[in-house]
Number of protein chains: 2
Amino acid sequence: KSEDRLLGGLLAANFDEGTCLSRYQSSSYRKLSPHKPSSYLIGKIRKYEALYKQCGPDTESYNEAITQLKRGQQIRSSSCKYLVWISYSGLGNRIVTLAATFLYALLTDRVLLIDRGTDMGDLFCEPFPEKSWLLPLDFPLNQFDNFHVKSPERYGLMLRDEIINENGTSSGSFPAFVYLHLAHDYDKGDKLFFCDREQLILDGIPWLLLRSDNYFVPSLFLVPKFSEELEKLFPEKVTVFHHLGRYLFHPSNTVWGLITRFYRAYLANAEERVGIQIRTFDTGVGPFQHVLDQILACALNEKLLPAVSRDKPIIPPQQTGKTDRKPKVVLMTSLSGGYYERIRNMYWEYPTVTGEVISIYQPSHEEHQQTEKQFHNMKAWAEMYLLSLSDTLITSPWSTFGYVAQGLGGLRPWIMVKPVNHTTPNPACGRAISMEPCFHAPPFYDCKAKRGIDTGKLVPHVRHCEDMSWGLKLVGEN
Amino acid sequence: KSEDRLLGGLLAANFDEGTCLSRYQSSSYRKLSPHKPSSYLIGKIRKYEALYKQCGPDTESYNEAITQLKRGQQIRSSSCKYLVWISYSGLGNRIVTLAATFLYALLTDRVLLIDRGTDMGDLFCEPFPEKSWLLPLDFPLNQFDNFHVKSPERYGLMLRDEIINENGTSSGSFPAFVYLHLAHDYDKGDKLFFCDREQLILDGIPWLLLRSDNYFVPSLFLVPKFSEELEKLFPEKVTVFHHLGRYLFHPSNTVWGLITRFYRAYLANAEERVGIQIRTFDTGVGPFQHVLDQILACALNEKLLPAVSRDKPIIPPQQTGKTDRKPKVVLMTSLSGGYYERIRNMYWEYPTVTGEVISIYQPSHEEHQQTEKQFHNMKAWAEMYLLSLSDTLITSPWSTFGYVAQGLGGLRPWIMVKPVNHTTPNPACGRAISMEPCFHAPPFYDCKAKRGIDTGKLVPHVRHCEDMSWGLKLVGEN
Ligand SMILES: Nc1nc2c(ncn2[C@@H]2O[C@H](COP(=O)(O)OP(=O)(O)O)[C@@H](O)[C@H]2O)c(=O)[nH]1
Ligand SMILES: Nc1nc2c(ncn2[C@@H]2O[C@H](COP(=O)(O)OP(=O)(O)O)[C@@H](O)[C@H]2O)c(=O)[nH]1
């Protein structure tokens with residue numbers, strides 16, 4: 001149980017409990033994960049935490065690095081290097097991106113500091129002991145809107161225009177910072193980030209600013225400079241997000257209140273918990289009939305939920321003597337309330353053919369994506385977390401919201417097939433090959449040969465995704 | 001437990017179980033009622049069931065009475081007399097009216113037959129052994145729309161125009177039927193129904209057709225001809241609807257499916273159940289802010305629900321060691337979904353000051369009253385029944401929907417005070433003085449003195465209602 005509390009040793013033991021109740025309480029809501037972090041990973045994280053203490057905000061090294069940044073140029077190679085994560089996109093995207101960014105920080109011994117955006121500070125606890133990961137508010141480059149696909153500081157542009165190489169810029173020194181644009185709209189130059197040589201150049205730069213909305217971990221496994229270390233850190237490769245996510249993302253007390261209250265009020269008394277995450281990228285909020293049909297086809301065909309009988313008004317449970325059985329609980333999440341309404345009514349109006357009792361819940365139906373409203377994202381985060389407490393999970397294709405839930409929960413979901421022309425696909429869903437998020441915008445480039453290549457066919461553990469044919473994800477090796 | 005099964009002897013034991021599962025299963029969902037039916041009532045009901053077998057549809061007596069009715073005139077005084085209940089108004093109104101009509105049938109030894117309207121046959125089981133209470137479809141007078149406040153067959157009109165008296169009509173005989181108009185719009189003549197002499201005349205008429213939307217029981221207690229018998233039947237006067245309702249109204253299997261599935265999926269695992277019935281007679285569906293405020297003011301002030309804290313994100317339960325306590329479950333019913341949404345969100349977003357876990361449910365939100373749609377009334381009936389399974393109940397003023405729930409459940413609700421000018425009243429609600437329904441349109445007439453009188457001041461057990469100053473209800477005598 002105490003090993004449990006620290007997630008198999010992932011978490012440091014000496015945090016204050018009251019400021020972040022979720023950190024040590026999460027183990028009482030989750031089943032013990034069958035995936036143990038490697039001792040190498042644990043050792044690496046402890047070392048990282050030590051580095052963080054030494055280099056984090058309010059240290060001598062930090063202040064020195066800030067001075068260099070203000071002068072706009074490097075004076076001498078600093079002892080500490082930094083990686084600033086820019087808050088960008090929907091919450092699910094932010095979470096998977098931040099996990100990828102943290103992994104990159106681990107691999108390059110950089111102190112990760114996060115732009116709090118509108119609400120990052122309200123959503124998450126501090127993950128590192130003693131020092132805050134929130135970028136200090138007096139950070140000199142705080143107009144992050146200036147960093148985008150067209151910024152001159154963009155590393156991809158500097159590479160394309162040969163402004164920088166192994167020896168630094170034309171002045172023979174390295175700039176104090178570069179901007180890494182790794183968002184969905186990045187270009188050929190930006191994608192050189194995933195090459196050995198270009199990584200070597202970055203080593204010389206104290207400050208990196210990174211904007212992404214993608215889980216770029218799979219492609220890090222293809223960078224020779226990192227691949228050996230990654231093998232040691234993650235002998236079980238499909239657990240990268242599972243471990244790093246549970247290490248990093250502790251719901252703030254406010255969000256933890258949402259999670260635990262909902263769990264105790266509605267989900268605790270369950271024979272089994274089924275999560276259904278519905279996210280449509282069509283225009284309009286829905287509900288769409290073809291999506292409703294798809295959810296039910298998936299749940300019924302995969303025997304995650306029983307069918308109903310429209311003939312008999314009442315069907316007693318099959319196992320007699322077990323009438324007091326707890327219900328099977330379904331947690332649905334969606335921006336629309338319509339799918340929940342229809343499915344809940346179906347299981348109210350008709351008995352299941354097995355006589356099982358099915359309870360259906362949906363915490364919110366916000367109708368519209370509102371990336372900027374604080375309570376909205378608190379609920380979104382609470383819902384991803386609650387979904388991750390399911391025993392089985394159905395997710396929507398292309399959605400990082402679902403990836404977060406599956407990754408934290410260590411679940412291999414049934415992913416719904418993306419409908420074409422508003423038609424329910426057949427089969428409706430398929431089992432994911434791993435619990436890892438999909439990298440939606442990977443590079444297809446052979447850094448050595450300098451030409452295109454299918455990066456989903458290079459190694460057995462990096463494959464194309466189930467839900468997006470051009471995406472990449474980490475998978476098991478057999 | 002077996003006494004329980006028959007509701008303290010109210011129910012006959014020899015019904016087929018499968019055709020009406022609710023009849024004998026209801027005791028496993030309800031707490032044992034502390035109110036025992038008198039043996040005199042039980043005896044009376046058994047005798048009534050015997051009468052029903054002898055006079056019900058398809059008997060010689062019934063066929064003879066039908067023949068008389070077809071001829072339009074009485075030939076000789078029949079051995080059996082009949083009372084036809086016309087289906088009218090919302091479901092709650094129908095249920096309380098039918099209970100009142102049944103009591104009148106008991107008092108006058110008349111066979112009660114009910115017009116099935118659009119859905120009566122789908123909503124309820126047969127209450128009487130062997131013979132159906134549904135009026136046969138070939139009943140000669142089946143155009144019930146012809147019977148209204150202006151019909152010439154109206155008893156009130158015949159009395160007013162002195163067409164009938166103790167000796168029958170001018171021809172010296174009694175008509176084969178009269179129409180009793182006891183609806184909210186009835187007039188002085190109709191109200192003579194509640195006088196001894198006019199009751200005596202009715203004795204001579206084999207068929208009575210009755211239309212009402214009112215629980216006219218309290219005024220029956222003021223008719224000298226009935227009062228003595230009523231005292232014997234109901235030594236505990238506030239239990240009239242409680243006993244007669246549980247005797248008569250057994251949800252059909254389809255409705256029982258709705259009730260038991262909802263109960264098992266959402267309500268079974270509860271520390272305590274609070275019912276909140278919301279019915280507004282304002283135009284528009286709501287939600288109205290002043291009603292929301294009123295519900296919360298009532299529940300919080302009367303300590304039926306705990307307040308929430310808007311300062312602290314999490315408050316652990318007060319009794320330590322009892323963290324696994326079951327939630328307090330709130331069942332809300334309303335045509336609008338808005339009150340539920342707001343209250344559920346409140347208890348999700350904020351912790352209760354006591355740390356108690358509150359679960360909120362609402363089975364349907366139909367948005368509009370649709371008295372004619374079959375599934376709509378099945379749900380309405382299921383919801384009244386589910387409300388009646390509460391431990392404590394908050395109801396809306398003037399609503400028979402709430403009366404049915406309180407009466408079946410044997411509950412003395414907190415009735416919300418009727419708001420004036422869209423303003424939350426203070427106090428928000430008050431405890432009902434008895435579990436009986438209120439008679440909304442009682443007569444104020446002294447039959448002997450032939451003048452107006454306040455019928456709410458004649459006897460200690462008939463008083464004005466809490467929610468309607470001119471209404472009458474049965475109350476306890478101390
Ligand atoms: N509360 C809630 N918000 C949602 C849901 N689906 C989408 N959203 C909102 O829409 C955003 C979608 O962006 P993101 O989380 O990145 O997921 P993705 O777009 O599906 O990859 C979320 O952050 C939420 O703000 C849902 O099921 N529940
Ligand atoms: N399902 C449901 N229907 C309701 C509710 N409130 C009112 N109704 C509908 O509106 C009708 C109201 O008429 P009635 O039952 O006689 O109650 P009253 O008008 O409140 O005395 C019901 O029969 C239902 O059809 C509710 O909370 N739930």
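All of these numbers come straight from a predicted model, not from anything done at the bench. A note on names: the letters A, B, ... follow the listed sequences, proteins ahead of strands, and every chain is numbered from 1.
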Evaluate ring pair (Phe, Tyr, Trp, His ring centres under 6.0 Å) for B:Y361 paired with A:Y266, printing each intermediate quantity in order. CA-CA 10 Å; B:Y361 297 100; A:Y266 304 111; 5.7 Å; yes

Counting only non-hydrogen atoms closer than 4.5 Å, does [X] touch chain B with its backbone (N, CA, C, O), its side chain (CB onward), both, or neither?
{"X": "A:P313", "answer": "both"}
{"X": "A:I315", "answer": "neither"}
{"X": "A:S364", "answer": "both"}

Between the side chains of A:E349 and B:R261, is the shortest nitrogen-to-carboxylate-oxygen separation below 4.0 Å, so that they form an ion pair?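 No, this pair does not count.
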
Taking atom OG1 of A:T254 and atom NZ of B:K312, what is their separation to the nearest 0.5 Å?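 Going from OG1 on A:T254 over to NZ on B:K312, the span is 14.0 Å.
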
Hey, could you give me the CZ/CD distance between A:R264 and B:E356, rounded to the nearest 0.5 Å?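 The CZ atom of A:R264 sits 10.5 Å away from the CD atom of B:E356.
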
Can you tell which of A:A268, A:S252, A:S359, A:G257 has the highest number of heavy-atom pairs within less than 4.5 Å of chain B?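 When all of A:A268, A:S252, A:S359, A:G257 are compared, A:S359 has the most.
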
Under a 4.5 Å cutoff for heavy-atom pairs, which residue among A:V255, A:V329, A:I360 has the most contacts with chain B?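 Option with the top pair count is A:I360.
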
Between B:T352, B:V357, B:L258, who has the most heavy-atom pairs with chain A when the cutoff is under 4.5 Å?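 With the most close heavy-atom pairs to chain A, the winner is B:L258.
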
Indicate yes or no: at least one non-hydrogen side-chain atom of B:I314 is less than 4.5 angstrom from one of A:Q25.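 No, every pair of side-chain atoms sits at 4.5 Å or beyond.
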
Student check: side-chain heavy atoms of A:H365 and B:E341 closer than 4.5 Å: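 With C-beta onward as the side chain, the pair touches.
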
Measure across A:A265 and B:P327 and return the closest heavy-atom pair with its distance rounded to 0.1 Å.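 That would be O-CG, 4.1 Å.
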
Closest heavy-atom pair and its distance - B:A382, A:W348: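 It is CB-CZ2, 4.5 Å.
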
B:R30, CZ atom: more than 12 neighbouring heavy atoms under 6.0 Å: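 For B:R30, atom CZ is crowded (more than 12 foreign heavy atoms under 6.0 Å).
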
